[in-house]
Amino acid sequence: MFFITFCGCIGALRENIRLLKIFSFSLTLVFLTQMAIAILGFFYSEQTRDALGEFVKKAIVHYRDDLDLQNLMDYIQKEFKCCGWTNYTDWSWNPYFNCSSSNPSNERCSVPFSCCTPLPRETVINSMCGFGIQTQNHLNATKSIYSVGCADRAVIWIESHLLLFGALTLGLALPQIAGIVLSQILISEIRSVM
């Protein structure tokens, strides 16, 4: 970004056609790349969802190994009020939360505290509310944790914020298009003076 901005700024100040061409070409390349990613993401939404699912699965598996990943998963689950990717039993992918009888962990058959539904007027988070929850049926688990998976919640959130995504996309595209057009106008004016 610094290089592109530098080329545009110095090219306009010095009326340097090469720098302005580099600026215009780079900005066009960035714009087309963004458009291609958006179009591919739209048309290959199922593959995008699968790739995101693989990322979340890895995040669940390595939940206790990486503090940043743990904080990210906790934030996502609290913000979207969800647990796991498809549902709360996905936490069996994690070696600490795995529900197998050979698992010696104290957190066996549990889910992280970020899956817990907060009680009204609760000031201190009950970090133990998810213990043993994977052994309970869906109806009983729903009483103390978010039983819906984050995949469904993310799709609902994206669909409800499509107008915002459209506005952000347009807000990012217009300055890029304006920069490309204005640099081309400046290049043609410089050539006409020469």
Side-chain angles (χ1 to χ4, degrees), residues 1-63 65-87 90 93-94 112 114-115 146 148-194:
M1 291 303 287
F2 177 76
F3 174 73
I4 295 171
T5 307
F6 175 80
C7 289
C9 186
I10 300 300
L13 287 173
R14 298 288 181 178
E15 295 183 352
N16 186 322
I17 292 178
R18 281 191 190 147
L19 288 177
L20 286 171
K21 283 183 177 180
I22 291 171
F23 172 74
S24 181
F25 176 76
S26 300
L27 208 54
T28 304
L29 191 65
V30 168
F31 178 73
L32 292 176
T33 303
Q34 289 173 340
M35 291 297 293
I37 289 171
I39 291 168
L40 289 174
F42 180 75
F43 285 114
Y44 294 102
S45 60
E46 194 62 38
Q47 288 85 346
T48 305
R49 185 177 174 150
D50 292 342
L52 189 57
E54 285 299 313
F55 171 76
V56 172
K57 182 176 182 176
K58 287 179 184 176
I60 288 173
V61 169
H62 299 291
Y63 178 77
D65 303 334
D66 185 358
L67 187 60
D68 291 332
L69 205 55
Q70 181 176 336
N71 289 334
L72 176 66
M73 281 303 297
D74 287 338
Y75 175 78
I76 290 170
Q77 290 184 148
K78 279 191 239 175
E79 192 67 29
F80 288 115
K81 297 179 178 167
C82 58
C83 189
W85 181 242
T86 53
N87 60 33
D90 292 345
W93 297 333
N94 184 286
S114 57
C115 289
Y146 303 119
V148 178
C150 293
D152 295 332
R153 291 288 183 161
V155 168
I156 291 168
W157 185 85
I158 289 170
E159 286 174 353
S160 67
H161 290 87
L162 280 178
L163 185 62
L164 176 67
F165 282 118
L168 284 174
T169 303
L170 188 62
L172 291 173
L174 287 178
Q176 290 175 332
I177 293 170
I180 295 166
V181 170
L182 291 174
S183 64
Q184 290 300 320
I185 290 171
L186 186 57
I187 289 171
S188 66
E189 285 183 9
I190 293 169
R191 282 188 179 152
S192 69
V193 172
M194 293 177 135

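Residue numbers run from 1 in the order of the sequence given.
Once rounded to the nearest 0.5 Å, the distance linking SG of C115 with CG of D90 reads 9.5 Å. A distance of 8.0 Å separates CG of L69 from NE2 of H62, quoted to the nearest 0.5 Å. I10 contributes atom CD1, which lies 11.0 Å from atom OG1 of T5 (distance to the nearest 0.5 angstrom). Residue M73 holds its CE atom at 8.0 Å from OH of Y63, rounded to the nearest 0.5 Å. Distance check, rounded to the nearest 0.5 Å: OG of S114 to CG of L72 gives 10.5 Å. Atoms CG and CZ, on L19 and F6 in that order, are 7.0 Å from each other to the nearest 0.5 Å.
With a 6.0 Å radius and a threshold of 12 heavy atoms from other residues, nucleotides or ligands, L163 has its CG atom at or below the threshold.
Only one option out of L174, L168, L172 pairs with L170 in a side-chain contact (heavy atoms from CB on, under 4.5 Å); it is L174.
Between I180 and T28 there is a side-chain heavy-atom pair separated by less than 4.5 Å. At a threshold of 4.5 Å between non-hydrogen side-chain atoms, the residues L27 and I177 do not count as touching. In this structure, the side chains of E189 and V193 stay at 4.5 Å or more apart for every pair of heavy atoms. Between P112 and D74 there is a side-chain heavy-atom pair separated by less than 4.5 Å. At least one side-chain heavy atom of L20 sits less than 4.5 Å from a side-chain heavy atom of L186. R191 places a side-chain heavy atom less than 4.5 Å from the side chain of I17.
Scanning all heavy atoms of the two residues, the minimum distance from K81 to R153 falls at O-NE, 3.7 Å.
Remark: K57 is not positioned above the aromatic ring of W85, lacking an NZ or CZ atom under 6.0 angstrom from the ring centre and at most 45 degrees off the axis.
Salt-bridge annotation for R49 and D152: present, with a side-chain N of the basic residue lying under 4.0 Å from a carboxylate O of the acidic one.
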Verify side chain to side chain donor-acceptor pair (under 3.5 Å) between N87 and Y146, making sure each step is shown before the conclusion.
CA-CA 9 Å; N87 60 33; Y146 303 119; over 6 Å; no
Under the disulfide bond (SG atoms under 2.5 Å apart) rule, what do C150 and C82 come out as? Steps first, then yes or no, please.
CA-CA 5 Å; C150 293; C82 58; 2.0 Å; yes
Kindly indicate, with the supporting measurements, whether the criterion side-chain contact (heavy atoms from CB on, under 4.5 Å) is fulfilled by F3 and I22.
CA-CA 10 Å; F3 174 73; I22 291 171; 3.8 Å; yes
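Side-chain atoms of Q184 never come within 3.5 Å of backbone atoms of S24 as a donor-acceptor pair (strictly under, hydrogens ignored). Between the side chain of S183 and the main chain of G179, a donor-acceptor pair closer than 3.5 Å is present.
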